[in-house]
Participant: 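Questions regarding the structure given below will be posed in turn.
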Amino acid sequence: MIWAVALALGIVIAAGTYLALSRDVLRCLIGLALMGSGVNLLLFAAGRLVTHVPPIILDGETLLGAAANPLPQALVLTAIVIGFALLCFSLVLAVRLMLTTGTHDTSQLRTAEPAPTDDHKPALEDVR
Amino acid sequence: MQPQELNATTTAAAHTTMLPLVLIPATLFALLLYVLFTVALPWTFSSPWIPSLGIDFRVQVDGLAAQFLLLITGIGTLVFVYGAGYLKGDPKRMRVFVLLLLFMAAMIGAVISDHLIVLFVFWELTSVLSFLLVGTHHEEESNRKSAQQALLVTGLGGLFLLAGFILLSEIGGTYSIQQLIARTATLPDDARLPAALALIFVGAFTKSAQFPFHFWLPNAMAAPTPVSAYLHSATLVKLGIYLLARLDAAFSDLPFWEVTLVSVGTLTAVGAAIQTVRERDLKRILAWSTVATLGTLTMLVGLPGNGAALAVATLFFAHALYKAPLFFVAGNLDHGAGTRIIDQLTGMRRYMPWTAAAALLAAFSMAGLPLSFGFVAKDALTIAKAEADVFMLVSYATVFVSGVSVAVAAIAAIHIFWGRDTIPREVHPHEAPLNMLLPPLVLVALALVFGLAPTLVDPLLGAAAHAIAPGFDTAAVDAAYDAGPVITATLSALVLGIGIYLGWDRLHALLDRVRVFDNVGPESWYWRKLKFLPRLAAWQTRRLQHGLLPRYLLVLVGSVTLAMLALLWIAQPVWIWPAWHTLTWPVAAACVLIASAAIATLFMRDHLVLLLVSGLVGYGSAILFLFTGAPDLAFTQFAVETVYVVVAAAVLVMLRRGGPLPNAAQPEARLRPFALAVALAFGAMLTALVLYTAGLPFDAALSDFFGAQSLSAAHGRNVVNVIIVDFRGIDTLGEISVLLFALLAALPLLRLAHAARGRVT
Amino acid sequence: MNSRALLAEVLVRRLYIVVLVASAWVLLRGHNAPGGGFIGGLLAVAATAAYALTFDATRALQRLPLGPLRLAALGVLVSLISGLPALLQNLPFLTHLWFTLPLGFTELPLSTVMLFDLGVYLCVWGALGGYCLALVRAIEPEP
């Protein structure tokens, strides 16, 4: 089981990284979302995958029997929610960026860090 | 700030006097004197400061520290009196006084602390305060540069000092100076000791302006004169000597210690004495002669023997008593005659009689004429040399330095104040007010008293010498006294000094032509390095901060991958591959869905399709969670993925409705091999990591605990939920707070997003 | 949306309440079966998002009690308060307490942990709902 999941998460993270390395803001965001999904899978897999029984104590019992590891689940659950909040926020930023600058190409966003004209001068001197 | 504004805000304050502040150092001084007379030295006190690091605030006041404390508070009092007059009407004087007070506190802390790290903290504080004080009038570029130089040289030296302290405490097994001295016998065996001492030397030499770090001190004369008199002659620059003297008890027997201190001290003294003659500004002349004295002190600390210890203590004291008044005199000349250039100052006696008197008496002591306190110091110096049996070269050097001292004293007293005033002036010079006359006069009067009756200060100097050399014995020094060499030394210095004084102008012209001093040597090296730094910074900024987002990320992911691979390589883990056969069909299907959707995203050019395909990865994960015993996760992932894809798709659709998405100026290449390679390496590394982890034995202690306690202690059957809301409740509380604060922080941005919309549509 | 279907509007208006009730049920059963504050909150966010996409952000905002920021703040506050009763009994903060309320015909089990989960639910709904509404609003045409 772990083999399949490990391969799948490796592919997801690789694809996410490749997308995130793009100049296109939207691709970059989707790539980051994929990386997030991959990392969630990684965290989940780190707690071992042995069974399909959920970690819920059955009626009449007082102890958790042979069930999935609850700890990584708790961690991943909150990670998913936080990741979603992060994604929504960055999407708002991206939308705003596109509406104000008219581009989704990060190589054209050089207000804060202008392109170099001289290797031996600080960039800010170029602005002045 | 505009000048008018500045005036408007400070006129009210311009007339308030700073004199009441004098009460602070004066009270401390009086208190100190009282305790000195009533309680026997040494005083100790200890209280924990940072217990976890084993740092105690341990205070130890012995003779050496007491002498320093007297100088810090005593000269501090006079500097405050003087400063109240000198800085009258200066809009920045409040700042100067507050900084001086802080500096005084830092100096006291440095001198009394017995813990090396505490000493270091105060040491660096004095460097920072010196920077702020030298840069008082930072409107002028040269002042800024001087302040920066003082900070860079002494601050960097401080870092060396810290390294030396840490190494020394590793060797000695303690941070307490007193315990280190007690353990001296076992220390010299350690091979790291020379390195530790060398580091400490760098720190002490930068602070006390020793060659090759001496150049910052004359430049620090950009500070207002009271500051120069206090920091750069009496206290701050002596801190390095203080440290060396403090450690002398432990290391004076080491040849390395003696050779280094004697040679560096002598070199500094001679070099500074030559530089003295190259100056025309009285304050800079005094500064160079201070450097020369500091060199002599360093040399004396290095010399073994009791006489040297007494000489250090005496010269410390004598120097403070004559150099501070001379600085005050320079300040009075600046104030009354408007210049400190010695060529434009002759016959000042008739305009400034009291200043002239102070100058004369201070010069008397500086020249070391008989019956002055300076003579006592010179006396001790000669005895020390005789006792330590130094090289002839060092002996000649001290005579030369003494000769230049005599010449400087003559310049300060005779050249400036005697003779006829032949320089045409528009405004006649005038005498300084009382509070600028009192401080130098008090000091020279003290020097006079101590010169006539050295027995008055004998106990104090003896106690200080005892702290430097624990075996110090007054009787032994007295027995070694031999009038012959003292008379010879005094006479030869006098003759040489008069010669230099008479030939000062010719010597000056000669030395001024020797440009070697400007273009080689430590100071020019410093300036070259300083010019090189911004270029280096700009170059590396261009390389690292190029503003290209993908490249930043590439570097980041690439370095993380490399670091992890390097770790795996170093650890050389034993790989235990997990079993294949446990794979179930639903999990296999979910993994295939996840992987194929992820691969498919790479080929989608259209944003909307790309988004929908990437959503499949989330749904795949949800299915995987469902069949690996995590229904909670599955539900969460389903809900999140649905909301995200639907909302994002709606956003994309509506964005397009306003017109096609703007295209990149240069379309991105379809295949970016480098990015692909890094991405693949990153993914492969994580896959390997997961597989490696899976092969390790699993520690289920925490999970078992939660499983066992969930129902009995927390009354919940869903262990995941119990962990979230109960066992790890504070984490969750923090997390929802993060959600709230993120929303709070983002709200302005979200509103802006709303406002920005109008521009495009 | 310009050409929004009447059917969708009617459906979403009915569904909104249904989904909210369902989310509350998911919240309450969470301690003993799959569910809980996070999942319940996300369901409620889904309802808000659907409402915003079918109608518009402003109307969805009106259906969001207290507005996003105050709702999220209330959630954090409720969670915080749920940890306080433990302090009265000299227990560490956030030690949960259980008790039953007799109602005559049956007993109602109550606990501070339920209050805590309610806080999580409200915060998730408020914060994530707020983000979704902001996103929708960012691309809506001017009214």
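Here is how names work: the chains are called A, B, and so on, in the same order as the sequence lines, proteins then strands, and each is numbered from 1. Computed from a predicted structure; not experimentally measured.
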Participant: May I ask you to test the B:V640-C:L42 pair for a side-chain heavy-atom distance under 4.5 Å?
Facilitator: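 Side-chain contact under 4.5 Å: yes.
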
Participant: Looking at C:V120, C:L69, C:V124, C:V113, which has the largest count of heavy-atom pairs under 4.5 Å with chain B?
Facilitator: C:L69

Participant: Please, which pairs that meet side chain to side chain donor-acceptor pair (under 3.5 Å) have at least one residue in residues 625-636 of chain B, sequence neighbours excluded?
Facilitator: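 For residues 625-636 of chain B: B:D632-B:N718.
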
Participant: Which one of C:A49, C:A73, C:A50 has the most heavy-atom pairs closer than 4.5 Å to chain B?
Facilitator: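 Of C:A49, C:A73, C:A50, C:A73 has the most heavy-atom pairs under 4.5 Å with chain B.
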
Participant: Residues in salt bridge (charged side-chain N to carboxylate O under 4.0 Å, His left out) with B:D606, at least two apart?
Facilitator: B:R656

Participant: Please look at B:A634 and chain C and tell me whether the side chain, the backbone, both or neither of the residue comes under 4.5 angstrom of a heavy atom of that chain.
Facilitator: neither

Participant: Quick check against the 3.5 Å criterion: does C:S111 have a side-chain atom that pairs as donor or acceptor with the backbone of C:L97?
Facilitator: no

Participant: Considering only residues two or more places apart or on different chains, which pairs with a residue in residues 114-130 of chain C satisfy side chain to side chain donor-acceptor pair (under 3.5 Å)?
Facilitator: B:N721-C:D117, C:S23-C:Y121, C:T48-C:W125

Participant: A quick test of your reading: do over 12 heavy atoms of other residues, nucleotides or ligands sit less than 6.0 Å from CZ of B:R605?
Facilitator: yes

Participant: Report which part of C:L128 has an atom under 4.5 Å of a heavy atom belonging to chain B: side chain, backbone, both, or neither.
Facilitator: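 The side chain, not the backbone.
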
Participant: Considering heavy atoms only, which positions within residues 724-735 of chain B lie below 4.5 Å of chain C?
Facilitator: B:I724, B:V725, B:D726, B:G729, B:I730, B:T732, B:L733, B:E735

Participant: With a 4.5 angstrom heavy-atom cut-off, which part of C:A46 approaches chain B: side chain, backbone, both or neither?
Facilitator: both

Participant: Taking C:G35, C:A72, C:S79 one by one, which has the highest count of heavy-atom pairs under 4.5 Å against chain B?
Facilitator: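 The option with the most such pairs is C:G35.
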
Participant: May I ask you to decide if the ring planes of C:Y51 and C:F55 are parallel, tilted or perpendicular, using 30° and 60° as cut-offs?
Facilitator: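 Correct class here is tilted.
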
Participant: C:C123, C:A52, C:G126, C:G41: which one forms the most heavy-atom pairs within less than 4.5 Å of chain B?
Facilitator: C:C123

Participant: Does the side chain of C:F116 reach to within under 4.5 Å of the side chain of C:V78, using non-hydrogen atoms?
Facilitator: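 Side-chain contact under 4.5 Å: no.
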
Participant: Show your reasoning for whether side-chain contact (heavy atoms from CB on, under 4.5 Å) applies to B:Y619 and B:I594.
Facilitator: CA-CA 8 Å; B:Y619 285 122; B:I594 293 171; over 6 Å; no

Participant: I want to check something: taking the side chain as every heavy atom from C-beta on, are B:P586 and B:I623 in contact at a cut-off of under 4.5 Å?
Facilitator: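 Heavy-atom side-chain distance check fails, nothing below 4.5 Å.
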
Participant: Examine whether an atom of B:T642 lies under 4.5 Å from a heavy atom of chain C, and if so say whether it belongs to the side chain, the backbone or both; otherwise answer neither.
Facilitator: neither

